[in-house]
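Working notes for the structure below.
Reckoned from all heavy atoms, side chains included, excluding hydrogens, waters and symmetry mates. If you're wondering where the values come from, they're calculated on a predicted model, not measured in any experiment. A, B, ... follow the sequence lines: proteins, then strands. Residue 1 opens every chain.
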2 protein chains.
Amino acid sequence: VNQILVFGAGRSSLFLIEILERYCQSHPFQLLVCDKDVAYAKANFVQSKNVTYQTLDIFNQDEVEALVQNSSLIVSMLPAALHINIAKLCLKHKKNLATASYVSDDMKALHQDVVSKGLVFLNEIGLDPGIDHMSAMQMMDAIKQKGGKIIGFKSFTGGLIADEDDGDNPWKYKFTWNPRNVVVAAQGPPATYLQDNHIKLMPYHKIFSESIDFSIPNYGTLEGYPNRDSLKYIELYGLHNIKTILRGTLRKPGFCSAWNVFVTLGMTDDSVQLKFPEHTTLNTWLKSYLPGEQTNQKEYIKSYCQCSDLDVQKLEWLGFFAEDKLPLCSGSSAQILEAVLTPKWKLQNDDKDLIVMLHEIEYELNGKSHTHTATLVLNGENSTRTAMAKTVGSPLALGCIQILEDKITQKGVLAPMSKEIYEPVLEQLHKLGIQFIESHS
Amino acid sequence: VNQILVFGAGRSSLFLIEILERYCQSHPFQLLVCDKDVAYAKANFVQSKNVTYQTLDIFNQDEVEALVQNSSLIVSMLPAALHINIAKLCLKHKKNLATASYVSDDMKALHQDVVSKGLVFLNEIGLDPGIDHMSAMQMMDAIKQKGGKIIGFKSFTGGLIADEDDGDNPWKYKFTWNPRNVVVAAQGPPATYLQDNHIKLMPYHKIFSESIDFSIPNYGTLEGYPNRDSLKYIELYGLHNIKTILRGTLRKPGFCSAWNVFVTLGMTDDSVQLKFPEHTTLNTWLKSYLPGEQTNQKEYIKSYCQCSDLDVQKLEWLGFFAEDKLPLCSGSSAQILEAVLTPKWKLQNDDKDLIVMLHEIEYELNGKSHTHTATLVLNGENSTRTAMAKTVGSPLALGCIQILEDKITQKGVLAPMSKEIYEPVLEQLHKLGIQFIESHS
């Protein structure tokens, strides 16, 4: 009996474990799941003779190495920065590896060594990255196969909350994944994309004020803002004739303009450490971001941030104009804002999250322009069995099974861009209810 | 005869060398000035038997060390990052050091070693930092001495162009120092300051839209924007009861709101490398920063950047709406913008630069509020004998003389905050025509 070793037993591992455990029922494999804390997994994940949950200090290198050595496939759901250590151990002991994270430069540098040992290090096989690559490549390969020339590609994804669970929250948003990533989203270099053959750059302070509306079939309207670097997908997806390429993130209508108030004020800054007296209120904290005199604070903010009453109302709902105490008095602006938002945007037990992914591909065939659209709209079951966990964990589990059954002929550090990987995985995802609605025009 | 060794013979060294050479005329010292290129110095600096200009590769460590070893005082006018190497050699060979740069963390770490060898490493003794520290400390020490309690401190400095040399340039600005520093000015962490006992933070994208006007005695109106970290001056200047502290940069009226157009568009970004086809025009480049459709480009910019016709006219003067070719087709946005601005904002031979420094100190004495204001307004003579070179080089030279005459009793890594340093230097600066106009109310 061979061992499948999973590092990381957090919320996103639920469906990964569930699918791999089911596979073990009919195949000669055992599943070992390690994390510094396995209480959540023991309470919420599948329990069977095929799976063992084990406490592990991931920085205990001897123990980690022994575990890798005794396994035939390693799956890392650890924070992305920790993959490279695991990857080097996999290389040393000739083990295959799977992750749902972007290929880092460190990981990419291992490619030749991984090839020469005949191994597969399969990455970017979660939701985003993952399902986005696979579904887009399937659509584009089909267009190319019938002789079409792809000239435009837009792809947007959002991790949202089901409409019926919005409650009175005017943001229509809750944290369905890492809150910190939401607070610092879009920071760093300007977003770059291609529009009608023009390179476009959009700085952070403009990203949320320039969101564009999308009409999602079988859902309704969402708004999207550009992600960091869309240009790299020209090379990655082999789109050398493309005139427009834009990848981005989806939010419910009204979110972006209100979030832009925090960006404009500087409340998402993560570079300066602050210290406020205990019992500081949200309103006093807010004043740190408002220069000059304010006789009417709300009007001042509307003018200073060029925002609407609706945006200001969203701040009010969070407690910014009342005597609410600041939940965290020292840290960066971003850390304090996260602490303010966390209780307000917390997923309740029965809340269902919502994943929406949209691809819009324009192409020319026989002298005519066509558009091929595909949309994934998936609700979670509750706050444990989330659509996020399902769409991250399922493709990763299915990719693992491809590796275990030796069905991937390519070797090296891979992402699921080729047909031999994406086709069987998408077929199985369809059976799990993760399916796109397509339209052609 | 002892040797004074100066590293760096660029434009800002002119007055430094002039004053030190004059000192050598009546004292047993010789001046050795080293740079990778001494052509500018040989053509423009004082020539005499007391001073030698020598070509030197600053990365030739053996040669640098031999020079340090044979000198009694070392002055570094090199880029700030190169000071630490010189400082370590000075420590090794027990030599005093002077620079006009901020004390870096590396430099600060040498303090105890410098003290224990009985040496003086005098830094921050140029214009800003330098004259700003010394003049402010002199004012504040005087207020404290008569029992006053300092409650407010504002200090603004600008390197500008004399009004009569503005020409038709609507920006009323030319490059009188490093163009790159002007282009990336205020980037990085938000500016922080204290206003009426409230900590304030201002992000980069708000700095230039929120400039405030100052009326400068004997000059007129200028506008100022906050510099990075004003809060650190509370500790540095010992201002523990202060309610308002703000340091910043001065520009002529209208500059900041027009510069804010570049900031808002993202044209000052230095993080993403771009490549445009040859023969790209300024206008085509501009379009990379304008999302969406523009039927009327100027109106689009006014709306997108919340700017005025006057701001757009300043872009027009630079060639953004004509067929002007981009002078640099690959590089970061900031590098391209610098290449666009450099020929337009170049100092002509007869142009006179202008230095303005303003201190505004509020204090309480015997139950009453007072304001003590001091202003320095200094014109350069021409594009070589600039006010910038004079105000950077003169205090540094005078600090060197204090060291040579062993008049500084403190040892270690110093800045000119104490009376024993600033008093004689300010007195000598006054004789050189670098003097503040003061007013009390």
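Checked against side-chain contact (heavy atoms from CB on, under 4.5 Å), B:A109 has no partners two or more places apart in sequence or in another chain.
Contact tally against chain B (heavy-atom pairs below 4.5 Å) for A:L274, A:L231, A:I212: the top residue is A:L274.
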So which donor and acceptor atoms of chain A and chain B come within less than 3.5 Å of each other?
residue: A:I199; atom: O; partner: B:S288; partner atom: OG; Å: 2.7
residue: A:K200; atom: NZ; partner: B:K287; partner atom: O; Å: 2.9
residue: A:K200; atom: NZ; partner: B:L290; partner atom: O; Å: 2.6
residue: A:L201; atom: N; partner: B:S288; partner atom: O; Å: 2.8
residue: A:H205; atom: NE2; partner: B:V263; partner atom: O; Å: 3.3
residue: A:H205; atom: NE2; partner: B:T264; partner atom: O; Å: 3.0
residue: A:K206; atom: NZ; partner: B:Y304; partner atom: O; Å: 2.5
residue: A:V263; atom: O; partner: B:H205; partner atom: NE2; Å: 3.3
residue: A:T264; atom: O; partner: B:H205; partner atom: NE2; Å: 3.0
residue: A:K287; atom: O; partner: B:K200; partner atom: NZ; Å: 3.0
residue: A:S288; atom: O; partner: B:L201; partner atom: N; Å: 2.8
residue: A:S288; atom: OG; partner: B:I199; partner atom: O; Å: 2.7
residue: A:L290; atom: O; partner: B:K200; partner atom: NZ; Å: 2.7
residue: A:Y304; atom: O; partner: B:K206; partner atom: NZ; Å: 2.5

